[in-house]
**Student:** 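Please see the structure below; I have some questions.
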Amino acid sequence: MNRKKIYLRQAFVSLLASVFVFGGCRKDDDELDSGDGVGRKITAKVENGNRYDFDEVKAVTYYGFSDNSAVLAETDYAGGGFTLQLPETVDDRYLSPMEDYADILEKSLSELVGFSLKFNAELSEEDVNGTVAAIEAHRSGDKEGDFFYMTLTENESVTRYTMTIAEGIFMYSDKSCKITGSSSEDRLIDGIEAWINTAANASLRKGWNILYLTETVEASRVTQIITVTMTISSDEPAGMKWYFEDDIPEPELLSSAATFSPEIRKAVSNCTGFLRKTKTEDKL
């Protein structure tokens, strides 16, 4: 894996931990489906996928907060894409209580975005266990890297620069539940004023789900203030595509935004985990 890139999957798991631990749990009035587990069929056409000669795709879970791993599903890679069927149920030995993510993964979150985020969220059910599946590319028995389901957009106007990045995370839950909550605070990032907003509004069904972690960073040319908005949702953002890790889109406009001071551009980079480990950081 290209270590110069850092991906939202890491941020998501950390954020999910903070949701469950800091928000606490409650029973919701709405009854959620508690029937059989739900499998998920992934059909992916990979961007520039015909460039690669992978022969296999695997859904892999890493469990126990270690390098221990288990293959949950596998299929052929052909024609620049793949079709992968995730199982309806996952063995309990590969699941972890959501609360257990907190202490370990909060540190990852701090390293990723440079500050801790809290959603003040509530989980509608107690004792929820789950796992996340990485979708891996293999060739001749060796792992070549990861596939990512994501989108990145940039916009630049006279008054502001905006970048939005979203990734879909394949998550298994052993029961149905809802996640809701929000928070807002002001802080300094590299000496620049920043408004930090978070919102969680997602539903997990028993079985496999796609949760979408979206981060939007906006820098105002008028006020020289940065706004960071991080959301967890079960609603798919527009423009989602499959990428192998070497082809993940990278932001282009920020490094050429001459009307921003170097301090503003550095602060934007440092509060966006994706930017911190890409070539953009080298250009600032």
Side-chain angles (χ1 to χ4, degrees), residues 1-13 38-62 67 69-88 90 94 131-155 163-172 205 207-216 232-254 272-280 282:
M1 180 181 292
N2 184 350
R3 297 300 179 185
K4 286 198 57 102
K5 296 177 180 175
I6 192 160
Y7 305 111
L8 283 176
R9 176 175 299 130
Q10 297 165 280
F12 167 79
V13 180
V38 178
R40 180 173 290 275
K41 183 179 181 180
I42 302 173
T43 301
K45 184 67 175 177
V46 180
E47 296 296 294
N48 300 317
N50 288 321
R51 290 173 44 191
Y52 300 103
D53 60 350
F54 308 133
D55 53 29
E56 197 170 26
V57 177
K58 297 181 180 182
V60 179
T61 182
Y62 293 85
D67 292 333
S69 64
V71 176
L72 301 176
E74 52 192 308
T75 190
D76 293 337
Y77 183 86
F82 58 90
T83 299
L84 184 67
Q85 180 68 52
L86 297 176
E88 291 186 1
V90 175
Y94 304 136
T131 193
V132 174
I135 310 301
E136 299 181 351
H138 288 252
R139 180 172 52 211
S140 301
D142 295 325
K143 179 183 174 181
E144 297 294 323
D146 290 277
F147 294 105
F148 295 90
Y149 188 49
M150 61 168 291
T151 183
L152 185 149
T153 59
E154 287 182 286
N155 292 287
M163 188 216 70
T164 298
I165 181 171
E167 187 187 346
I169 309 299
F170 292 86
M171 181 164 213
Y172 178 85
R205 59 184 179 177
W208 286 98
N209 306 266
I210 306 181
L211 290 189
Y212 298 94
L213 174 67
T214 302
E215 183 178 11
T216 298
I232 295 175
S233 174
S234 42
D235 296 327
E236 180 169 333
M240 299 289 289
K241 297 180 180 180
W242 280 96
Y243 296 91
F244 181 61
E245 62 179 50
D246 287 347
D247 290 318
I248 285 179
E250 296 182 350
E252 300 290 341
L253 298 178
L254 180 61
T272 309
F274 181 82
L275 293 179
R276 295 184 70 186
K277 297 297 182 181
T278 65
K279 296 176 183 178
T280 301
D282 300 333

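As the structure is a computational prediction, the values presented were derived from the model and not from experiment.
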**Student:** Do Glu74 side-chain atoms and Val57 backbone N/O form a donor-acceptor pair below 3.5 Å?
**Tutor:** no
**Student:** Fit a plane to each ring of Phe54 and Phe244, take the angle between them on a 0 to 90° scale, and name the class: parallel (under 30°), tilted (30 to 60°) or perpendicular (over 60°).
**Tutor:** tilted
**Student:** Residues two or more places apart in sequence or in another chain: which of them pass side-chain hydrogen bond (donor to acceptor under 3.5 Å, both in side chains) with Ser233?
**Tutor:** none
**Student:** Are the side chains of Val132 and Ile169 in contact, using a 4.5 Å heavy-atom criterion?
**Tutor:** yes
**Student:** Which residue pairs satisfy the side chain to side chain donor-acceptor pair (under 3.5 Å) criterion with at least one member in residues 132-142, sequence neighbours excluded?
**Tutor:** Asp53-Arg139, Tyr62-Glu136, Glu136-His138, Glu136-Lys143, Arg139-Glu144
**Student:** So, the side chain of Thr75 versus the backbone of Thr83: is there a donor-acceptor pair under 3.5 Å, distance only?
**Tutor:** yes
**Student:** Can any side-chain N or O of Lys58 pair as donor or acceptor with the backbone N or O of Ala70 at less than 3.5 Å?
**Tutor:** no
**Student:** What residues form a ring pair (Phe, Tyr, Trp, His ring centres under 6.0 Å) with Tyr94, not counting sequence neighbours?
**Tutor:** Tyr63
**Student:** Trp208 side chain to Pro87 main-chain N or O, any donor-acceptor pair under 3.5 Å?
**Tutor:** yes
**Student:** Using 0.5 Å steps for rounding, measure from the OG1 atom of Thr151 to the CD1 atom of Ile165.
**Tutor:** 8.5 Å
**Student:** Restricting to non-hydrogen atoms, name the atom on Asn50 and the atom on Gly80 that form the minimum distance, rounded to 0.1 Å.
**Tutor:** OD1-N, 3.3 Å
**Student:** Name all residues meeting the side-chain hydrogen bond (donor to acceptor under 3.5 Å, both in side chains) criterion together with Glu236; count only those two or more places apart in sequence or in a different chain, and write none if there are none.
**Tutor:** Tyr149, Tyr212
**Student:** Taking side-chain hydrogen bond (donor to acceptor under 3.5 Å, both in side chains) as the test, write out the residues that go with Tyr243, two or more places apart.
**Tutor:** none
**Student:** Check Arg51 with Asp247, please: is the shortest side-chain N to carboxylate O separation under 4.0 Å?
**Tutor:** yes
**Student:** Among residues at least two apart in sequence or on other chains, which ones pass side-chain hydrogen bond (donor to acceptor under 3.5 Å, both in side chains) with Thr216?
**Tutor:** Thr164
